[in-house]
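Written out below as structure tokens is the structure these notes cover.
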Amino acid sequence: NVDKLAAEFADELDALGVRVAALEKKSDNTKIAGQIRYHYASIKENGVKKSDSKLRTRLVFTGKVNNDWSYVTRLQNEQVFHNTKDAAKVDYVSEDTDVKINRAFATGRLGGMKVDAGRQGLYLVDGMVYDSDLDGVVVSYGDKVKVGGFYGKMYGAKDYEQKNTAWGVNASTGLGKAVDLFAGYTSLKDEADAQAKDDLHIINAGLKVKVEENGYYAILDLWGASYAKPGSFGVQAVYYYEPALAALKHTMDGTMQTALVTDGFKGYSVAASYTVAKNMMATVKYYDLKSREDSDKKDKTLWSEFQLRF
């Protein structure tokens, strides 16, 4: 009976097989990745003790458009467990921020050039110049010698709530396996002032120890924790001597962002990371920073976090 039914409905079964195969092929078209981070920070800023604790969840969806292009979106939500950093929100518990699409961009190639267009992350000079969002276009070309540039709206050092028109170019090359030589230029226009011209210009250049105008920073990395290697361990030490307006959105978790505008800052941070299990890492960081202009402005932050990635 089964053989008779199979013969009778052979065409229908063949068509179903085609549809199932197409569906299976389509199921690989979109990939999902995620990052879940819990942190607790204990801060002493200008003699005042503060703290905050949050759980941040990010889901990244990458859809394949064709062999050359993909489209990426990222959802983000924060659950605030504790916060005394904002005087208007003292000691509140379990407040959720809205779930938002905070990244949405197309990524692909035009000829030999890599192109990212849309709202994306921009990471300049190890985050020492900029580590935040860009609404615009980023291009890069090359392998051993890389050149690139960007144009769009980015957060400025003068007003963290307003996005300003900016553009930049950069180039880098490897000198051996462990040394990179790089240089870049960033120009940002303050659009809050209609009379202002491009009033912020940052030139950076580096060879192992990064160099900025009137300032520098040095990073020492030992071993290195990897999400792919359970039990791996790493430590990092950073010394900062950064002038005012040398960075727009700094990558650090200390609270010296405001000093970036007027004073600059100096000091150090130390961090240790341990991979608890595959794609699960715990990190503890300590910052001891102070203003370069006003010795009474100080920041001591103990930052701890636990991240899951998939």
Side-chain angles (χ1 to χ4, degrees), residues 56 58 72-76 78 85-86 97-98 100-107 113-141 146-172 182-206 210-217 240 242-265 289 291-293 297 299:
R56 186 185 71 189
R58 289 174 170 174
V72 181
T73 58
R74 187 179 78 182
L75 294 173
Q76 178 171 304
E78 288 186 338
K85 292 172 66 176
D86 188 338
T97 62
D98 294 334
K100 293 183 178 180
I101 297 178
N102 60 5
R103 297 277 170 87
F105 63 96
T107 179
M113 182 169 61
K114 185 179 184 300
V115 179
D116 296 324
R119 175 165 292 183
Q120 59 195 282
L122 184 63
Y123 193 67
L124 298 178
V125 197
D126 295 329
M128 299 296 175
V129 169
Y130 193 76
D131 181 11
S132 192
D133 294 333
L134 173 78
D135 292 344
V137 179
V138 178
V139 298
S140 61
Y141 181 84
K146 297 180 180 179
V147 294
F150 67 88
Y151 176 83
K153 296 278 189 177
M154 61 194 294
Y155 290 104
K158 292 185 176 181
D159 187 348
Y160 294 125
E161 298 302 321
Q162 178 179 336
K163 288 206 169 188
N164 302 281
T165 300
W167 64 273
V169 292
N170 54 74
S172 64
F182 65 87
Y185 171 79
T186 300
S187 174
L188 182 139
K189 180 179 178 62
D190 183 7
E191 298 190 356
D193 184 355
Q195 304 301 318
K197 297 181 179 180
D198 289 340
D199 62 350
L200 181 60
H201 307 275
I202 299 175
I203 298 174
N204 62 77
K210 285 71 176 176
V211 178
E212 301 166 349
E213 184 180 359
N214 301 321
Y216 61 90
Y217 67 93
Y240 309 90
E242 304 226 12
L245 294 177
L248 305 177
K249 280 287 189 179
H250 210 287
T251 193
M252 69 174 180
D253 300 306
T255 61
M256 272 290 160
Q257 293 283 4
T258 53
L260 289 171
V261 180
T262 57
D263 303 344
F265 67 94
L289 307 171
S291 164
R292 281 176 53 173
E293 302 296 332
K297 293 181 180 179
D299 166 31

Intermediate values then yes/no, side-chain contact (heavy atoms from CB on, under 4.5 Å), Val125 and Tyr217: CA-CA 11 Å; Val125 197; Tyr217 67 93; 3.5 Å; yes
Listed partners of Gln120 passing side-chain hydrogen bond (donor to acceptor under 3.5 Å, both in side chains), at least two apart: none
Residue set satisfying side-chain hydrogen bond (donor to acceptor under 3.5 Å, both in side chains) with Tyr185, at least two apart, ordered chain then number -> His201
Separation of [Y] [atom2] from [X] [atom1] (nearest 0.5 Å):
{"X": "Leu122", "Y": "Thr186", "atom1": "CG", "atom2": "OG1", "result": "8.0 Å"}
{"X": "Asn170", "Y": "Phe150", "atom1": "CG", "atom2": "CZ", "result": "8.0 Å"}
{"X": "Met128", "Y": "Ile202", "atom1": "CE", "atom2": "CD1", "result": "13.5 Å"}
{"X": "Tyr123", "Y": "Tyr130", "atom1": "OH", "atom2": "OH", "result": "13.5 Å"}
{"X": "Leu188", "Y": "Asn164", "atom1": "CG", "atom2": "CG", "result": "4.5 Å"}
{"X": "Arg292", "Y": "Phe265", "atom1": "CZ", "atom2": "CZ", "result": "10.0 Å"}

Please report the C-alpha distance between Phe105 and Val138 in whole Å, then the side-chain angles of each, then the deciding distance to 0.1 Å, and finally whether the side-chain contact (heavy atoms from CB on, under 4.5 Å) criterion is met. CA-CA 11 Å; Phe105 63 96; Val138 178; over 6 Å; no
Determine whether Tyr151 and Val139 make a side-chain contact, defined as any pair of heavy atoms from C-beta on separated by less than 4.5 Å. no
By salt bridge (charged side-chain N to carboxylate O under 4.0 Å, His left out), which residues pair with [X], not counting sequence neighbours?
{"X": "Arg58", "value": "none"}
{"X": "Arg103", "value": "Asp133"}
{"X": "Lys100", "value": "none"}
{"X": "Asp116", "value": "Lys114"}

Checking side-chain contact (heavy atoms from CB on, under 4.5 Å) for the pair Lys153/Thr165: CA distance, chi angles, key distance, verdict? CA-CA 5 Å; Lys153 296 278 189 177; Thr165 300; 3.3 Å; yes
